[in-house]
Number of protein chains: 2
Amino acid sequence: MKALIVDDDLVLADVVSFTLRRAGFQVITAHDGQAALDTWQAESPDLIILDLNLPKLDGLSVCQRIRQQTDTPIIILSVRGEDDDVVRGLELGADDYIAKPFSPRQLVARAQAVLRRAGITPTTGPLVVGELTLDLARRELHRSGHLLAQLTPLECRLMEVLMLNSGHVLPADTLITQVWGPSGGDRTMLKQLVHRLRAKIEPDPSTPAYLETVPGVGYALVRRPSA
Amino acid sequence: MKALIVDDDLVLADVVSFTLRRAGFQVITAHDGQAALDTWQAESPDLIILDLNLPKLDGLSVCQRIRQQTDTPIIILSVRGEDDDVVRGLELGADDYIAKPFSPRQLVARAQAVLRRAGITPTTGPLVVGELTLDLARRELHRSGHLLAQLTPLECRLMEVLMLNSGHVLPADTLITQVWGPSGGDRTMLKQLVHRLRAKIEPDPSTPAYLETVPGVGYALVRRPSA
DNA sequence: AAAAACTGTCACCACTTTGTCACCACCCTG
DNA sequence: CAGGGTGGTGACAAAGTGGTGACAGTTTTT
């Protein structure tokens, strides 16, 4: 999993680089807009982390140029007060943004979420929680070894997020961001998606056994020993 | 969850320490700027609570030095009249500030909010008093390990405040402010809320075993050895 | 090209939550 | 003993929240 970091602040670029390396990424860096485009073409990374404030070629332009040719996930780095630029970046096709200062954990989480949403699966093996197994590549959910349901792309993403945090309550907003990204999503859509997922995976959808509702907060996937 | 408290006022540091420990933090303290940096490097806490007025090394400098190397959340403690310093602190990368005097609940809430925003530990540990356990994420109250009641948001807030100060009598006005905020709330509403909470948690609501009334003052959660 | 699937949107229902009110019982003090 | 204050209790309505089904536009598959 290769990540390209574009930032003219050498210190910050180093921090980001270190963080991502520790999370298992292979990291390359560029410090101005032109170099970013060159490196991108030479290395074709899986993920780009892009500061907007760049010498030689503006970050937004870089974003635009890259989007014209590929769907490589882009995460924008912004400082407080550049909200307009963030919005324009997202409109130009960026996948997410992070406001400085950010925590390392935050960064890694966002990076993985974006990759997941783009269909690039960092986790090779299937996800297992209790008797449930999710095959991300095939989007198939198995229970005790045999096929329970064939999931749609969105259902699969939701299920993945829930399984990665099984046993913990995930706030509705968190789920929405994880599934639809920072600019899309809606409470009603989440309701619908949960409904559709339950219809597929719950033996009796009216009394959920796996996908639990926590009123006023969100949802949780129950983690049972083996039942 | 490890918190570093930096304050030269030993009494205040103790109060803060006590409050955060109650909320489930592991707490370490430093009493001057240099010690703060040393302790920070040695212990790498998840959260720093920083008074600006420090001997040996100014609080703002400490803030700056820490920000140069990590994104660990920093909350500034300020006294009234130091507004300029607060602004400079926030510019230097601090995440929030609290003006003295502050309420314990205020402090805990801010701390958790900052950590949440930084993407650290969305899971808050449960509150425990005697045989009662409150799971804040799920808003569930357990007695000796099994589910006693599912609380509503307001009931949960009230229960949280009572458990954080278990064994002490809390004046009605205090409770009202803590639950509904400084602008809302009402004696009648508190009566109602207590009533509804008792209906859920007391075996016999007419003779309260947990949520005791102190006429003319307020309410208290009795802290019993184990009964 | 036709059919099926996927997803966003809407309307509606049921239920919960919460603020408000009225009323009762009790405990003071004068 | 009367009366005011305080706390407990029940009822009720408004607002909010989650679940459900239907439907249309788009994309994907056949």
Side-chain angles (χ1 to χ4, degrees), chain A residues 71 117 119 138-141 149-160 162 169-181 183-221, chain B residues 138-141 149-160 162 169-181 183-220:
Chain A
D71 293 320
R117 248 180 280 141
R138 299 191 181 288
R139 297 206 313 266
E140 285 175 353
L141 187 67
Q150 173 74 244
L151 302 183
T152 73
L154 280 187
E155 288 163 3
C156 186
R157 246 175 260 159
L158 176 60
M159 198 63 199
E160 184 185 359
L162 288 170
V169 182
L170 293 173
D173 294 337
T174 303
L175 288 173
I176 290 171
T177 309
Q178 293 283 311
V179 173
W180 281 275
S183 46
D186 175 353
R187 227 130 188 145
T188 312
M189 284 151 97
L190 181 61
K191 276 197 312 188
Q192 265 302 327
L193 192 59
V194 167
H195 183 225
R196 281 163 176 157
L197 186 54
R198 276 183 178 151
K200 286 189 180 178
I201 71 173
E202 298 283 359
D204 176 8
S206 59
T207 58
Y210 300 110
L211 214 175
E212 177 193 7
T213 300
V214 182
V217 184
Y219 297 90
L221 192 70
Chain B
R138 287 197 155 79
R139 296 205 313 266
E140 286 174 353
L141 187 66
Q150 173 76 245
L151 303 184
T152 73
L154 280 187
E155 288 163 2
C156 188
R157 295 262 285 285
L158 176 60
M159 199 63 199
E160 184 186 356
L162 288 169
V169 181
L170 292 171
D173 293 337
T174 304
L175 287 173
I176 291 170
T177 309
Q178 302 278 307
V179 172
W180 280 274
S183 46
D186 175 353
R187 235 148 243 252
T188 312
M189 283 150 94
L190 181 60
K191 279 198 309 187
Q192 264 301 329
L193 192 59
V194 168
H195 182 224
R196 281 163 177 157
L197 186 53
R198 277 182 177 152
K200 286 189 180 178
I201 71 173
E202 299 284 0
D204 176 9
S206 58
T207 59
Y210 299 110
L211 214 175
E212 182 189 1
T213 301
V214 183
V217 185
Y219 298 90

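Letters A, B, ... are given to chains in the order of the sequence lines, protein chains preceding strands, and every chain is numbered from 1.
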Starting from the 5' end of DNA chain C, give me the residue, A:R139 or A:P215, whose nearest nucleotide shows up first. A:R139

Using a cut-off of strictly less than 4.0 Å, decide whether A:R187 has a side-chain nitrogen or oxygen near OP1 or OP2 of D:dT17. no

Taking the side chain of A:P153 as its heavy atoms from C-beta onward, which of C:dC10, C:dC6, C:dG19 lies nearest to it? C:dC6

Please determine whether a side-chain nitrogen or oxygen atom of B:T213 lies at a distance below 4.0 Å from atom OP1 or OP2 of D:dG8. yes

Can you measure A:L197 atom CG to D:dG19 atom P for me and round it to whole angstrom units? 12 Å

So, A:R139 side chain and A:C156 main chain: donor-acceptor pair closer than 3.5 Å or not? no

Residue pair B:R198 / B:T213, side-chain donor-acceptor N/O under 3.5 Å: yes

Using atom CG of B:D186 as one end and atom P of C:dT20 as the other, report the distance to the nearest whole Å. 7 Å

Quick check on D:dT17: is either OP1 or OP2 less than 4.0 Å from any side-chain nitrogen or oxygen of A:Y219? no

Closest approach to the side chain of B:L154, judged atom by atom: which nucleotide of D:dT9, D:dG19, C:dT18 is it? C:dT18

According to a strict under-4.0 Å criterion, is B:T152 in side-chain N/O contact with OP1 or OP2 of C:dT16? no

Out of D:dG7, D:dG19, D:dT9, minimum distance to the side chain of A:K191 belongs to D:dG19

Between D:dC12 (P) and B:H195 (NE2): distance, integer Å: 15 Å

Does A:D173 offer a backbone N or O that forms a donor-acceptor pair with the side chain of A:T177 under 3.5 Å? yes

Could you tell me how far apart B:I176 (CD1) and D:dT6 (P) are, to the nearest whole angstrom? 12 Å

How close or far is atom P of D:dG8 from atom CG of B:D204, stated in whole angstroms? 14 Å

Given 3.5 Å as the limit, does a donor-acceptor pair link the side chain of B:K200 with the main chain of B:L151, or not? no

With the side chain of B:R196 defined as its heavy atoms from C-beta on, choose the nearest nucleotide among C:dT7, D:dG7, C:dT18. C:dT18

Quick one: does A:E202's side chain have a donor or acceptor within less than 3.5 Å of a partner on A:Y210's backbone? yes

Value in whole Å for how far the P atom of D:dG18 lies from CG of A:L190: 9 Å

Return the value, rounded to whole Å, for the distance between atom CD of A:Q192 and atom C1' of C:dT7. 9 Å

Between C:dA4 (P) and A:Q150 (CD): distance, integer Å: 17 Å

Looking at C:dT18, C:dG8, D:dG8, which one has an atom nearest to any side-chain atom of A:M189? C:dG8

Tell me whether the side-chain N/O atoms of B:W180 come closer than 4.0 Å to OP1 or OP2 in C:dT18. no

NA contact type, A:L193, heavy-atom cut-off 4.0 Å: base, sugar-phosphate, or nothing? nothing

